Amino acid sequence: MNTPFEHDYAPVCDLYERHLGPALFEPYAIDLVRGVATDCLAGSILEMACGTGILTQQLRAHLKPTVSLTATDINPGMLAYAQRKLVGVEGIVWRQADIADLPFPDASFDVAVCQFGLMFVSDKDRAFREMRRVLVKNGVLAFSVWDRMEHNPYSVAVHDTVAEFFPDNPPQFFKAPFSFADVTGLRRLLTVNGFDQLKIQAISKACVSSTARALAIGMIEGAPILAEIQARGGSSGPIVDAVANVFARIGGMTPFRSTMQALVVTARAKD
């Protein structure tokens with residue numbers, strides 16, 4: 001699985017886009033684009049697990065028109081949402097695709113990018129083999145994964161607060177995004193699957209939301225944990241209130257300011 005959204009939850013995607021995009025994902029998307037723009041003045045880029053199109057939008061806005069961009073996601077609903085959002089933006093080919101089973105010939109792309117998607121892929125060895133396969137020799141792979149939960153205070157706050165509502169069976173979704181923060185494991189996967197010139201950096205950024213409540217809405221009602229809450233017979237309203245109050249204590253109410261940290265990785269496909 002390349003994305004935690006399994007269906008076309010348009011309302012959920014709207015909340016994700018509105019409340020989580022600016023706070024969590026756009027800052028890292030901008031950095032990732034800067035990193036690959038100089039490596040791809042022409043040629044082709046593959047984006048994997050594009051989600052709601054946050055990185056896709058940044059890529060197309062900052063890359064030269066001579067660069068072709070193919071945006072993919074395993075989930076057709078997410079792909080359709082991103083395509084609707086970016087309707088009218090030229091130079092994007094949309095394709096449903098599983099990172100661990102990419103439907104492209106060998107050496108199809110000069111650059112492959114993925115923002116916060118690889119954590120959700122079950123067969124990571126196969127995914128890295130596939131990414132190497134579709135890259136040209138000396139092609140660039142650039143991706144980001146979240147660092148450990150303790151380096152992302154907002155996530156600890158959400159996980160612990162939601163657990164208080166379901167002490168006998170707490171939802172576990174918020175562990176998943178932080179499950180791939182293993183530098184040694186990343187190096188092994190890259191090395192054994194045909195990559196070198198590895199660069200793995202822990203990048204800290206400000207996590208800023210207009211209000212603590214806006215971020216809480218995104219975290220609960222704009223994320224897959226909503227399905228876990230509903231499956232346990234819970235209601236999102238009281239949980240949003242509780243998370244917003246905890247957020248306000250750690251980062252203020254208006255605006256909310258805290259910190260976040262991700263591992264940003266670049267590598268080259270071996271000759």
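Bear in mind the structure is a predicted one, so any value in this text is a computation, not a measurement.
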If hydrophobic clusters are built from ILVMFWY residues whose side chains come within less than 4.5 Å, do Ile250 and Val156 share one? yes
Please list, chain by chain and in numerical order, all residues satisfying ring-ring contact (aromatic ring centres under 6.0 Å, His included) with Phe25, sequence neighbours excluded. Tyr16, Phe116
What are the two closest heavy atoms between Leu102 and Glu130, and how far apart are they? N-OE1, 2.7 Å
Under a 3.5 Å distance rule, please check whether Thr211 uses its side chain to pair with a backbone N or O of Ala214 as donor and acceptor. yes
Any chance you could measure Leu55, atom CG, to Gln58, atom CD, to the nearest 0.5 Å? 8.0 Å
Is the backbone N or O of Met253 less than 3.5 Å from a side-chain atom of Arg213, with the two atoms forming a donor-acceptor pair by type? no
I'd like to know if the side chain of Gln115 and the backbone of Ala29 have a donor-acceptor N/O pair within less than 3.5 Å. yes
For the pair Arg60 (side chain) and Gly91 (backbone), establish whether a donor and an acceptor sit closer than 3.5 Å, ignoring hydrogens and angles. yes
Any idea which heavy atoms bring Leu15 and Gly222 closest together, and the distance? CB-CA, 3.8 Å
Does Asn152 reach the main-chain N or O of Gln261 with its side chain, forming a donor-acceptor pair under 3.5 Å? yes
Between Gln96 and Asp73, does the side chain to side chain contact (heavy atoms under 4.5 Å, CB included) criterion hold? Intermediate values first, please. CA-CA 5 Å; Gln96 184 181 358; Asp73 198 283; over 6 Å; no
If the test is side-chain contact (heavy atoms from CB on, under 4.5 Å), which one of Leu215, Val158, Thr161 qualifies with Ile220? Val158
Ion pair present between Asp106 and Arg133, side-chain N to carboxylate O less than 4.0 angstrom? yes
Non-hydrogen side-chain atoms of Leu118 and Ile99 separated by less than 4.5 Å: yes
Ser144 side chain reached by Leu263 side chain, heavy atoms, under 4.5 Å: no
Going by an N to O cut-off under 4.0 Å, is there a salt bridge joining Lys205 and Asp31? yes
Please name the pair of heavy atoms, one in Phe165 and one in Pro238, separated by the smallest distance, quoted to 0.1 Å. CZ-O, 3.7 Å
Please report the interatomic distance NE2(His159) to CE(Met149), rounded to the nearest 0.5 Å. 5.5 Å
Minimum-distance pair of heavy atoms, taken over all atoms of Glu221 and Gly237: OE2-N, 4.4 Å
Within one Ile-Leu-Val-Met-Phe-Trp-Tyr cluster: Val136 and Phe195, side-chain cutoff 4.5 Å: no
Salt bridge check: are Arg232 and Glu228 linked by an N-O gap of less than 4.0 Å? yes
Dump the intermediate steps for side chain to side chain contact (heavy atoms under 4.5 Å, CB included) on Gln197 and Lys199, then the final yes or no. CA-CA 7 Å; Gln197 301 182 49; Lys199 185 177 182 182; over 6 Å; no
Group every Ile, Leu, Val, Met, Phe, Trp and Tyr by side-chain heavy-atom contacts under 4.5 Å, then state whether Val162 and Val246 land in the same group. no
Heavy-atom closest pair (Glu17 atom, Tyr81 atom, distance to 0.1 Å) is CB-OH, 3.7 Å
Hey, are the side chains of Val111 and Ser44 touching, using non-hydrogen atoms and a 4.5 Å cut-off? no
Spell out, as yes or no, whether a donor-acceptor pair under 3.5 Å connects the side chain of Tyr154 to the backbone of Gly251. no
Atom pair CG (Leu24) and NE2 (His19), whose distance is rounded to the nearest 0.5 Å: 12.5 Å
Would a 4.5 Å heavy-atom cut-off, applied to side chains only, mark Trp94 and Gln83 as touching? yes
Pair Arg268-Lys137, side chain to side chain contact (heavy atoms under 4.5 Å, CB included): steps then yes or no: CA-CA 8 Å; Arg268 292 269 181 177; Lys137 291 180 180 180; over 6 Å; no
Closest contact, heavy atoms only, Ala244 versus Ala216: N-CB, 3.7 Å
Please say yes or no: joined through hydrophobic side-chain contacts below 4.5 Å, possibly via intermediate residues, are Leu63 and Ile30 part of one cluster? no
Measure the shortest side-chain to side-chain distance between Leu69 and Val93 over non-hydrogen atoms and say whether it is less than 4.5 angstrom. no
Hey, are the side chains of Met260 and Pro27 touching, using non-hydrogen atoms and a 4.5 Å cut-off? yes
With distance as the sole test, does Asn245 use its side chain to make a donor-acceptor pair with the main-chain N or O of Asp241 at under 3.5 Å? yes
Distance, nearest 0.5 Å, that separates CG of Asn75 from SG of Cys13: 8.0 Å
Could you tell me if the side chain of Ile229 sits less than 4.5 Å from the side chain of Ile239, heavy atoms only? yes
Are any side-chain N or O atoms of Arg257 and backbone N or O atoms of Val208, one a donor and one an acceptor, separated by less than 3.5 Å? no
If you round to the nearest 0.5 Å, how far is CD of Gln57 from OG1 of Thr52? 9.0 Å
Going from OG1 on Thr70 to CE on Met48, what distance comes out if it is rounded to the nearest 0.5 angstrom? 11.5 Å
Treat each ILVMFWY residue as a node, draw an edge where side-chain heavy atoms are under 4.5 Å apart, and state whether Val192 and Leu186 are in one component. no
Trp146 vs Phe174, ring pair (Phe, Tyr, Trp, His ring centres under 6.0 Å): CA-CA, chis, key distance, verdict: CA-CA 11 Å; Trp146 289 114; Phe174 273 100; over 10 Å; no
Side-chain contact test, heavy atoms from C-beta onward, threshold under 4.5 Å: evaluate it for Lys85 versus Ile54 and give yes or no. yes
Taking only Lys NZ, Arg NE, NH1 and NH2, and the carboxylate oxygens of Asp or Glu, determine whether Arg188 and Asp125 approach each other closer than 4.0 Å. yes
For a side chain to side chain contact (heavy atoms under 4.5 Å, CB included) check, start with the C-alpha distance between Val36 and Leu59, then their side-chain angles and the critical distance, and finish with the verdict. CA-CA 9 Å; Val36 302; Leu59 284 165; 4.1 Å; yes
With sequence neighbours left out, write down each residue that passes ring-ring contact (aromatic ring centres under 6.0 Å, His included) with Phe247, or none if nothing qualifies. Phe256
